[in-house]
Structure formats: C-alpha cells, structure tokens
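All of these numbers come straight from a predicted model, not from anything done at the bench.
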Amino acid sequence: MGRVVVPALRGVSFDVEEGEFLTVLGPSGSGKSTLLHLIGCLDRPDEGEILFEGRNVLILNDDELAELRLKRIGFVFQFFNLLPRLTALENVKIPLALAGISDKEADERARKLLELVGLGKRLNHRPSELSGGEQQRVAIARALINNPKLVLADEPTGNLDTKSGWEIVNLMRKLNEDIGQTFIVVTHDPQIAEAADRIIYLKDGLIEGIKSISR
C-alpha cells in the first residue's frame, strides 16, 4: 500500500498428506484465504516454493497452471458461485465441458456425483430452487467432478445456518473417509476446525501452532 509493505504470509511452511482432512483456523485478516489462493495456484508468492505432487508449480506457465487447476484441484467457495440459469446437473458439468469431455459422459458422471452428495432428486433444480446447504452440495459435487487430487474449501459453511453448516462438514468428512479425497478447509470457527485430522492455527500471516487430532 504505497510504500508500506504488508506481508500476508510470513515463513508459512507445512506438508499435506494424500487423503488428509486438514483445516486452517484463524481470525479474519490472518492470511487464510491468501494461503488457499497460493495452494490453489490462483496467486504467486513473492518468494518460496509451492510443491504439488513433488513439482514446483511456480515454474509453470499460465496455461499449465490453468490445466492443473482444472484437472487436479477442486474449489468450494463460501458463496457457492453457481450459475443461476443452469440446473444443478448443468452446474456440476461445467468443468467437464472445459476439459473436453463428451456431454453424454459428463451427464453420467454429474448424475452419479449429485447422487453421492444426496441430491439425486434435485438434478434439474436451479440454484434459486435449492436451499443454501443444497447449493453448497452442488458446489462440492462440481469440485469433485474431475476427480481432483485436492479439494480446497474457503469458509464453506460461512454462508449457512448452523445445521446446514454441519451437514456440509459431515459430507466433506464422509467423502474424505469413503473415497480418500484430500481436503484443505479454511475456517474461522473452532468447532468446524475440530472435524479435521489436523488443524493449522494461523494469525497475522504466521503459523501459531499445529494440532493433530486422533480419531
């Protein structure tokens, strides 16, 4: 900001294991979303490395990063980011269209995923016809449609009531346990964070601590 340098993250370093359910907990302004954007290859750090499956993503060009985001990383956002004129099925199919998958195969895969997240009877409903929790389920199905190695969720319960929020957390946890999907979930809610295998505590751009949770 002008001549004032405000570091969003400082010396943050950690590993994420395949199949892990990890939460990043911290107050507003702690750097959580910045961290998620870096992991998701949406931003570049001023220094350091980001390794994804052993490869330093910072050496990739824009086209290579776009392909990595499309095929290897799924994103779930606080405000769902569904297209209002499309049905649940059509919203979930979008990444497959970008990946060049045939409409027939995309239709079949999207139907199976929506059934997996409990929306098998809501395939042809538009976002305005779905509850907040149902919209987030559609968003999770869309994040999973390309079978990514990693799903990043930025405050996925922040726009939901408590009951719907826990339903979403339990759904992500079930997907993690049943199909081995790796999740990194950013939250400011300590109770939500406790649903993880491991919690990273972030404050003022620094890791204050890491807690493993035995189950």
* **Sequence neighbours excluded - ring-ring contact (aromatic ring centres under 6.0 Å, His included) pairs with any residue from residues 151-184** => F21-F183
Side-chain ([X]) to main-chain ([Y]) donor-acceptor, under 3.5 angstrom:
X: D197; Y: E20; result: no
X: E64; Y: N61; result: yes
X: N56; Y: I59; result: no
X: N146; Y: P148; result: no
X: T87; Y: N124; result: no
X: E105; Y: S102; result: no
X: R142; Y: I94; result: no
X: D161; Y: K163; result: yes
X: R137; Y: I168; result: no
X: R198; Y: S212; result: no

* To do: May I ask you to say whether K112 pairs ionically with E108, meaning some side-chain N is under 4.0 Å from a carboxylate O?
  => yes
Is there a path of hydrophobic side-chain contacts, each under 4.5 Å between heavy atoms, that joins [X] and [Y]?
X: Y201; Y: I207; value: no
X: V92; Y: V117; value: yes
X: V16; Y: V12; value: yes

* **Euclidean distance, L114 CG relative to K93 NZ, rounded to 0.5 Å** => 11.0 Å
* Nearest 0.5 Å please: distance from the CG atom of L123 over to the NE2 atom of H125. => 9.5 Å
For residues 22-29, which side-chain N or O atoms pair as donor and acceptor with protein atoms under 3.5 Å away, sequence neighbours left out?
residue, atom, partner, partner atom, Å
T23, OG1, A193, O, 3.1

* To do: Please step through side chain to side chain contact (heavy atoms under 4.5 Å, CB included) for the pair L42 and F75, ending with a clear verdict.
  => CA-CA 11 Å; L42 296 170; F75 295 90; 3.9 Å; yes
Donor-acceptor pairs under 3.5 Å, side chain of residues 33-40 to any protein atom, not counting sequence neighbours: which ones?
residue, atom, partner, partner atom, Å
S33, OG, D154, OD1, 3.4
S33, OG, D154, OD2, 3.2

* Answer yes if the side chains of R173 and N170 hold a donor-acceptor pair under 3.5 Å, and no otherwise. => no
